[in-house]
Number of protein chains: 2
Amino acid sequence: MDEILELQKKILPELTEILEKRYNILRNIYYNQPVGRRTLANKIGIGERVIRTEVNVLREQNLVEINPLGMTVTDEGQIIVDKLKDFIHSLKDLKSLESKLEKVLNIKKILVVPGSFDEDEYILKDVGKTSSLCIKTMLKDNNIIGITGGSTMAQVANEMPKQDIHSNILVIPARGGLGKNFESQANNVAVNLAKKLGGSYKLLHVPDSLDKEALDTIIQIPEVKELKNLIKKIDVLVFGLGNAEEMANRRMIPDDKIKEILEKGAVAEAFGYYFNTKGEQVWESSTVGLSLDDFKKVKNVVGVACGKKKAEAIIAISSLKKDMTLIMDEGVAREIIEIVK
Amino acid sequence: MDEILELQKKILPELTEILEKRYNILRNIYYNQPVGRRTLANKIGIGERVIRTEVNVLREQNLVEINPLGMTVTDEGQIIVDKLKDFIHSLKDLKSLESKLEKVLNIKKILVVPGSFDEDEYILKDVGKTSSLCIKTMLKDNNIIGITGGSTMAQVANEMPKQDIHSNILVIPARGGLGKNFESQANNVAVNLAKKLGGSYKLLHVPDSLDKEALDTIIQIPEVKELKNLIKKIDVLVFGLGNAEEMANRRMIPDDKIKEILEKGAVAEAFGYYFNTKGEQVWESSTVGLSLDDFKKVKNVVGVACGKKKAEAIIAISSLKKDMTLIMDEGVAREIIEIVK
DNA sequence: CATATGCGGGACATTTAATGTCCCTTAGAC
DNA sequence: GTCTAAGGGACATTAAATGTCCCGCATATG
């Protein structure tokens with residue numbers, strides 16, 4: 001198959017470009033349907049008339065339908081969208097990009113999802129889907145899944161296909177701390193993921209930015225103690241990678257503290273820890289949950305990141321643990337290659 | 001692989017068209033190199049400027065080279081041309097066309113070569129190549145190959161790769177009769193084919209249109225007798241299909257005789273026999289060689305035809321023998337489908 | 001029920017790419 | 001030397017893609 005793609009790209013160099021453009025439109029209709037030309041054009045960032053021209057082709061192929069409510073992807077179109085992702089993956093030769101990154105970052109397994117999150121926010125959904133499928137392959141009966149918060153993790157849970165192949169799955173948040181947005185809190189993500197997998201969940205209600213005394217008190221609560229023990233038994237850990245500055249702001253850390261952390265060279269955040277470019281811990285948020293030592297002992301670890309601003313964070317965290325899977329979008333993947341070069 | 005092609009054709013319906021156009025240009029350069037734009041444009045039947053636009057792409061892809069002598073296909077381009085034939089075959093879904101014909105004509109095996117001979121004379125070379133490869137798979141040590149004359153058969157011999165995998169191959173003309181063009185006489189074809197296969201040959205020197213007395217005399221010649229015996233032992237028979245009227249003219253049969261044959265409904269000619277639409281013999285040219293009974297007893301039979309005017313001939317001859325392989329170009333294949341419909 | 005919003009589609013100007021046409025210089029062939 | 005056919009440049013012409021605007025219509029909202 002690879003050979004055929006090479007052949008096609010040789011004789012028809014424009015292939016990738018056209019296909020990606022058309023796929024992009026189809027996918028964006030799918031994620032926004034029913035949607036009008038103008039709305040779509042603004043979203044994708046191409047001319048309205050271009051949409052019309054391309055959509056005409058897609059309609060003739062019975063991939064989209066047009067009605068007064070807006071454009072909709074047909075059943076056939078949905079199947080195509082799904083298959084097309086993998087195809088574009090091959091076409092863009094992302095396999096070699098993956099291996100290159102595995103080598104550069106010295107990480108066991110890297111998955112790159114076609115498209116750039118910075119150009120198309122819906123790439124997040126694709127990354128979520130890919131991640132969810134990756135996690136599913138790791139799962140066994142009676143496993144404990146630990147997951148963190150963030151919009152990326154929310155999508156991972158959201159895109160997980162609803163089916164309970166495995167019995168007695170337990171989903172727990174990997175670490176305390178809430179964040180502003182309820183939807184993407186670790187607790188909420190854990191609940192959603194558990195529902196999708198037909199498993200159970202336990203939650204951890206610990207606010208951000210506690211002082212030492214409050215923390216000591218909270219740790220004494222039986223439910224918290226139970227969860228601390230469960231966290232040490234996590235079989236599959238799924239965590240989101242964060243840009244240090246952005247995460248510090250979001251966690252409502254005081255400004256002078258943020259300044260201090262950044263001066264220490266923090267570029268990455270993950271499960272409440274802050275790291276510099278070399279992957280050295282420079283600060284830890286005061287909450288309960290997965291420790292850095294725990295992290296290194298977990299067998300199945302999946303890190304997910306989306307967007308070019310996460311490039312440095314990915315580089316930093318990749319030196320923490322060799323034996324994990326990192327999933328990211330094509331945009332940040334290429335950005336990383338640029339940086340390390 | 002099939003699924004991927006379907007996918008591509010769905011999302012990019014123009015694919016086949018563009019690819020075929022470009023392939024056509026590349027192939028025609030290959031068969032005529034070094035060649036100029038104008039010459040090529042006349043040959044293919046498209047605008048000179050179109051050639052230039054397309055060739056620019058091909059040159060950027062390092063598939064053709066341009067120098068003051070004309071355009072040439074690079075080494076890489078040659079490989080591409082070769083692979084592309086099969087690819088276009090899949091792309092056009094000629095497999096299903098083949099099965100359809102096998103069913104309609106009730107023939108064991110049919111091979112369709114992409115492209116129409118009536119639009120591009122160089123398709124004959126492709127048909128020749130496909131035929132030669134097909135024959136090669138049938139061959140075993142010590143086999144006797146019988147072959148007829150005609151421009152198609154000449155190409156079959158010409159396109160046979162020069163290598164002697166099998167030992168002690170003997171090539172003989174299947175039937176007497178010379179025709180106007182020396183190059184494509186059965187004798188000459190047999191010699192060329194034998195050379196390509198590293199085998200030996202024996203020839204049959206019998207003119208066209210003999211009267212009975214002359215024929216009786218000739219049959220007494222020891223060499224002719226020997227060949228008649230060898231013909232009965234043919235392992236692999238390769239023959240060209242002819243349009244009855246055209247062949248009759250070419251064999252210099254008297255006009256009144258031609259008229260008679262055609263009035264009997266003759267549409268097809270093969271190894272000196274003339275058949276009506278139903279495959280019934282209506283006339284036999286007076287010469288020595290393979291008889292119709294011999295034909296039906298040969299184990300491996302390959303019939304080759306090129307061009308839409310052979311459509312009826314193919315239909316007629318397909319009812320002669322179920323167990324054979326027919327090779328033709330796409331143009332006549334589709335013509336046949338039209339006729340039987 | 002009236003209003004506002006966003007939809008598809010038509011129409012037309014504009015831009016861009018593809019194509020048609022012609023001529024020039026040059027390198028082999030005879 | 002002459003002639004032919006080559007590639008390449010230049011420019012007009014055509015076709016396609018795109019930008020821009022407006023219209024009538026359905027639906028949601030108040």
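Keep in mind the model is a prediction, meaning the values are calculated, not measured. Residue numbers start from 1 in every chain, and the chains themselves are labelled A, B, ... in the order their sequence lines are given, proteins ahead of strands.
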* Structure fact -> B:E54 CD to C:dA18 P, in whole Å, measures 9 Å
* To do: Counting heavy atoms from C-beta on, name the nucleotide in D:dT18, C:dT19, D:dG7 closest to the side chain of A:T53.
  => D:dT18
* Asked: How do A:P34 and B:I46 order along DNA chain C: which one's closest nucleotide is nearer the 5' end?
  -> A:P34
* **Length of the line joining A:N56:CG and C:dG8:C1', which is rounded to integer Å** => 11 Å
* To do: Identify, between A:P68 and A:R37, the residue whose nearest nucleotide on DNA chain D lies closer to the 5' end.
  => A:R37
* Asked: Are A:R22 and B:E14 within salt-bridge range, i.e. N to O under 4.0 Å?
  -> yes
* With respect to the phosphate group of D:dA5, does any side-chain polar atom (N or O) of B:T39 fall under 4.0 Å of OP1 or OP2? -> no
* Structure fact -> Rounded to whole Å, the CD1-P distance (A:I29 to C:dG6) equals 18 Å
* To do: When you get a sec, tell me which of D:dG7, C:dT19, C:dC12 is the closest nucleotide to the side chain of B:I66?
  => D:dG7
* **Smallest separation among heavy atoms of B:F87 and B:L5, with atom names** => CE1-CD2, 3.7 Å
* Given D:dT27, D:dC11, D:dG19, the nucleotide with the shortest approach to the side chain of B:R49 -> D:dC11
* **d(CE, B:M71; C1', D:dA6) in whole Å** => 9 Å
* **Candidate nucleotides D:dG7, C:dC7, D:dG8, ranked by approach to the side chain of B:R52 - the nearest** => D:dG8
* Heavy atoms of other groups near B:Y23 OH, more than 12 under 6.0 Å -> yes
* Think B:R38 has a side-chain N or O under 4.0 angstrom from the OP1 or OP2 of C:dT21? -> no
* Closest to side chain of B:E48, choosing from C:dG28, C:dT21, D:dA6 -> C:dT21
* To do: Check the surroundings of atom CG in A:N67: do more than 12 heavy atoms from other residues, nucleotides or ligands lie under 6.0 Å from it?
  => yes
